[in-house]
Amino acid sequence: MQDVVYGNKGTDIFYLFKNSIMIIKGRTKVKEALSSSDYGKEFTLKGWVRTRRGSRNVAFIALNDGSTINSIQVVADVPVFGEELLKKITTGSCISVTGVLKESMGKGQNVEIVANKIEVYGTADPSAYPLQKKGHTLEFLREIAHLRPRTNTFGSILRIRHALAFAIHNYFNDKGFYYIHTPVITGADAEGAGEMFRVTTLDLSNPPMTNENKVDFSEDFFGKEANLTVSGQLEAELGALALSEVYTFGPTFRAENSNTPRHLAEFWMIEPEMAFYDIDDNMDLAEEFLKYLLVYILEHCREDLEFLNKMYDKELIERISHVVEKKFERITYTEAIDILSSSGRNFEFPTNWGADLQSEHERFLVEEHFKRPVTITDYPKTIKAFYMKQNDDNKTVRAMDVLFPKIGEIIGGSQREEIMERLVSRIEELGISKDDLWWYLDTRRFGTAPHSGFGLGFERLMLFVTGMSNIRDVIPFPRTPKNAEF
RNA sequence: UCCUCCUUAGCUCAGUUGGUUAGAGCACCUGACUGUUAAUCAGGGGGUCCUAGGUUCAAGUCCUAGAGGGGGAGCCA
């Protein structure tokens, strides 16, 4: 690598680094080679073998290094390399190939590498290697999550996952938001967002006990009960009431016994929190944010999207584009109930004001009635969290849920209650311990401000963007009830 | 957690009213083949029928319980 000299033109430094990454120690990535037209030039490529086929005289090796969904065809003369070497090059093996780029004689690819030198880094016993050239079910691939990144499907998903995460940081950074790291271990037990995983170093077979015959957590590592976070929101609010606009993006844990294609015990959540935003500003941000991310993926992950569109979901790209183009519908909870009850539809669960909307209701609104994403606001306070801003009707709160086609609720958020008296009275009504939240309440005591925020489930968005139907297939190593393998 | 369906070869599945030695395609192995595209052709090996009980002369098949998985629901992101 060349020395990096800081100088007059910052952009030069960027390109210096960029080039040094494209070609590392003389290695070229498959993606670069495939888009090259330097016919006759020698390249060295390294990657994993997808298939090998051929005849007595010539072997064709499909080589993939994950830089793109496409594999490059390596052509090897059998007499030159010998059957002994070529025998080792089976599906799943890892090789280094040095050869000359040529226009392909065969159909199906534009360029190919005619090998001069092949080195086998690692063989993969074909009778034991679980991945075949044929397609596998997603259920089977879940059982071999350590190898599934080597498939076309999971290569695409992981590249899209990366791009989506990158786009999230990009969006917020450009907009002047600060990324803050909220704690993964929390002593606050009052968030009410679900069952929590306990964090402890106590000896579970012989824990210290109090006089009242309860486990004595004062002896535990933190001197009190501690859990894995179910949300970074309360801490994010602290950041927003100092830095104005912040966001979190980190792992979140829920110990709910949820066995569905939409729930994980460990998932990633994005939680922006903004001072001086009311509920309408919040909705505007959520819509712009989602559309930015979808456009980013459409522009940067085209080949992967086309693959997923072809193999799993024929309407994927069309659906994403549709959401980008349409203005999200905005209605209140009360309006939603009216639409549902006058729809003439026979729902399994009848609608009545005060009850939460069921999946079937959300699907009807999004997929049949409006045919576009719907943001529902002003829910009854009885079915929403304590921190949401109370409306003057004394019945509803300034909550907002964004509902997406196919996957339902993708964003849940609200304007927050910034008035101390109202917040405390709500906390007391719900029987939540005020003492545990002293630090949160201090923000309302000292320089409180109107503010809003929302939570976006990263894997839920991944479901929408990839067209996958099970959330276990959009995270590398899913954690669900009875499953923490790998 | 509830409802429902499923579990047979490495993978995907068939297996009739319970009845001899449990099958197929693909994969794998061997061989053939002058550039293949999920290569093709011929031959071969490969089974704890999820687990534990039970009914029966006889269970892959019927019954009970359990485990794992899919779909739906609830909780939610």
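By convention in this document, chain letters (A, B, ...) are assigned in the order of the sequence lines, proteins followed by strands, and residues within each chain are numbered from 1. Worth knowing before you read on, the calculation uses all heavy atoms, side chains too, and leaves out hydrogens, waters and symmetry mates.
Closest to the side chain of A:Lys87, out of B:rG69, B:rG35, B:rU30, is B:rU30. The side chain of A:Ser104 sits closest to B:rU36 out of B:rG71, B:rC76, B:rU36. Across B:rA73, B:rC75, B:rG71, the shortest atom-to-atom separation from the side chain of A:Arg363 is found for B:rA73. Listed nucleotides: B:rC28, B:rC76, B:rG35. Nearest to the side chain of A:Lys133: B:rC28.
At the phosphate of B:rU36, neither OP1 nor OP2 sits under 4.0 Å from any side-chain N or O atom of A:Gln73. Within the 4.0 Å cut-off from OP1 or OP2 of B:rC33, at least one side-chain nitrogen or oxygen of A:Arg56 is found. Contact annotation: A:Arg142 does not reach the phosphate of B:rG68 (side-chain N/O to OP1 or OP2, under 4.0 Å). A sub-4.0 Å separation between OP1 or OP2 of B:rG74 and a side-chain N or O of A:Ser359 is present.
Within the nucleic acid shown, A:Asn470 comes within 4.0 Å of sugar-phosphate atoms alone, with no base atom in reach, counting heavy atoms only. Using a 4.0 Å heavy-atom cutoff across all strands shown, A:Phe140 reaches sugar-phosphate atoms only and no base atom. A:Lys107 comes within 4.0 angstrom of a nucleotide base, judged by non-hydrogen atoms across all strands. If you check every strand for non-hydrogen atoms under 4.0 Å, A:His136 touches sugar and phosphate atoms only. Residue contacts shown for A:Glu459 are absent, as no nucleic acid heavy atom lies under 4.0 Å away. A:Glu271 comes within 4.0 angstrom of nothing in the nucleic acid, heavy atoms only. Using a 4.0 Å heavy-atom distance criterion, A:Arg472 is classed as a sugar-phosphate-only contact. A:Ile410 comes within 4.0 angstrom of sugar-phosphate atoms only, judged by non-hydrogen atoms across all strands, and of no base. Residue-level contact check: A:Thr91 touches neither bases nor backbone, having no heavy atom under 4.0 Å from any strand. Using a 4.0 Å heavy-atom criterion, one finds that A:Thr137 contacts the sugar-phosphate atoms exclusively. Backbone-only engagement by A:Pro126 is indicated by non-hydrogen atom pairs under 4.0 Å involving sugar-phosphate atoms exclusively. Within 4.0 Å of A:Met269, counting heavy atoms only, lie sugar-phosphate atoms of the nucleic acid but no base atom.
Judged purely by distance below 3.5 Å, without hydrogens or angles, the side chains of A:Thr396 and A:Asp378 never pair a donor atom with an acceptor atom. A donor and an acceptor atom, one from each side chain of A:Gln358 and A:Glu362, are nowhere located under 3.5 Å apart. Side-chain atoms of A:Glu112 and A:Ser104 include a donor-acceptor pair closer than 3.5 Å. In the model, A:Glu418 has no side-chain atom that pairs as donor or acceptor with a side-chain atom of A:His451 under 3.5 Å.
Taking the C1' atoms as reference points, B:rC62 lies 30 Å from B:rU1, given to the whole Å. Atom name P, nucleotides B:rU56 and B:rG44: the rounded distance is 43 Å, in whole Å. When the P atom is compared between B:rG47 and B:rU34, the two are found 36 Å apart, to the nearest whole Å.
Applying the 3.5 Å distance criterion, the base of B:rU1 shares no donor-acceptor pair with the side chain of A:Glu256. Judged by distance alone, with hydrogens and angles left aside, A:Glu139 brings no side-chain donor or acceptor close enough to the base of B:rG68 to form a pair under 3.5 Å. Put simply, the side chain of A:Ser258 and the base of B:rC75 share a donor and an acceptor less than 3.5 Å apart. No hydrogens or angles were tested; on distance alone, nothing pairs the side chain of A:Gln132 with the base of B:rU12 as donor and acceptor under 3.5 Å.
Separating the CZ atom of A:Arg52 from the C1' atom of B:rA38 is a distance of 15 Å, rounded to the nearest angstrom. Taking atom OH of A:Tyr379 as the reference point, atom P of B:rC76 lies 11 Å away to the nearest angstrom. Counting to the nearest Å, the P atom of B:rC75 and the CD atom of A:Glu362 are 10 Å from each other. Separating the NZ atom of A:Lys384 from the C1' atom of B:rC75 is a distance of 12 Å, rounded to the nearest angstrom. Taking atom CG of A:Leu147 as the reference point, atom C1' of B:rG10 lies 13 Å away to the nearest angstrom. Separating the CG atom of A:Leu357 from the C1' atom of B:rC75 is a distance of 15 Å, rounded to the nearest angstrom. Atom NZ of A:Lys482 is separated from atom P of B:rA67 by 7 Å (rounded to the nearest Å). A:Arg53 places its CZ atom 19 Å from the C1' atom of B:rA32, with the value rounded to the nearest Å.
For the pair A:Lys102 and A:Tyr39, the cation-pi criterion (under 6.0 Å, within 45° of the ring axis) is not fulfilled.
Across all strands shown, B:rA27 has no partner, as no Watson-Crick or G-U wobble contact with both distances under 3.5 Å is found. Within the shown strands, nothing qualifies as a pairing partner of B:rC75 under the Watson-Crick or G-U definition with both distances less than 3.5 Å. Look at B:rC50: its Watson-Crick or wobble partner, with both distances under 3.5 angstrom, is B:rG66. Across all strands shown, B:rU21 has no partner, as no Watson-Crick or G-U wobble contact with both distances under 3.5 Å is found.
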Go through it in stages, so that I can follow the logic: the residues are A:Tyr171 and A:His169, the test is ring pair (Phe, Tyr, Trp, His ring centres under 6.0 Å), and I'd like the CA-CA distance, side-chain angles, deciding distance and then a yes or no. CA-CA 6 Å; A:Tyr171 175 81; A:His169 287 300; over 10 Å; no
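Looking at heavy atoms from C-beta onward, A:Leu164 lies in side-chain contact with A:Phe458 at the 4.5 angstrom threshold.
Between A:Pro130 and A:Gly108, the residue whose closest nucleotide on RNA chain B is further toward the 5' end is A:Pro130. Along RNA chain B, the nucleotide nearest to A:Gly54 and the one nearest to A:Gly457 differ in position, and the one closer to the 5' end is contacted by A:Gly54.
Ring-plane geometry between A:Phe177 and A:Phe172 is classed as tilted, the angle between the planes lying from 30 to 60 degrees on a 0 to 90 degree scale.
In this structure, A:Glu459 pairs ionically with A:Arg161, as a charged nitrogen and a carboxylate oxygen lie closer than 4.0 Å.
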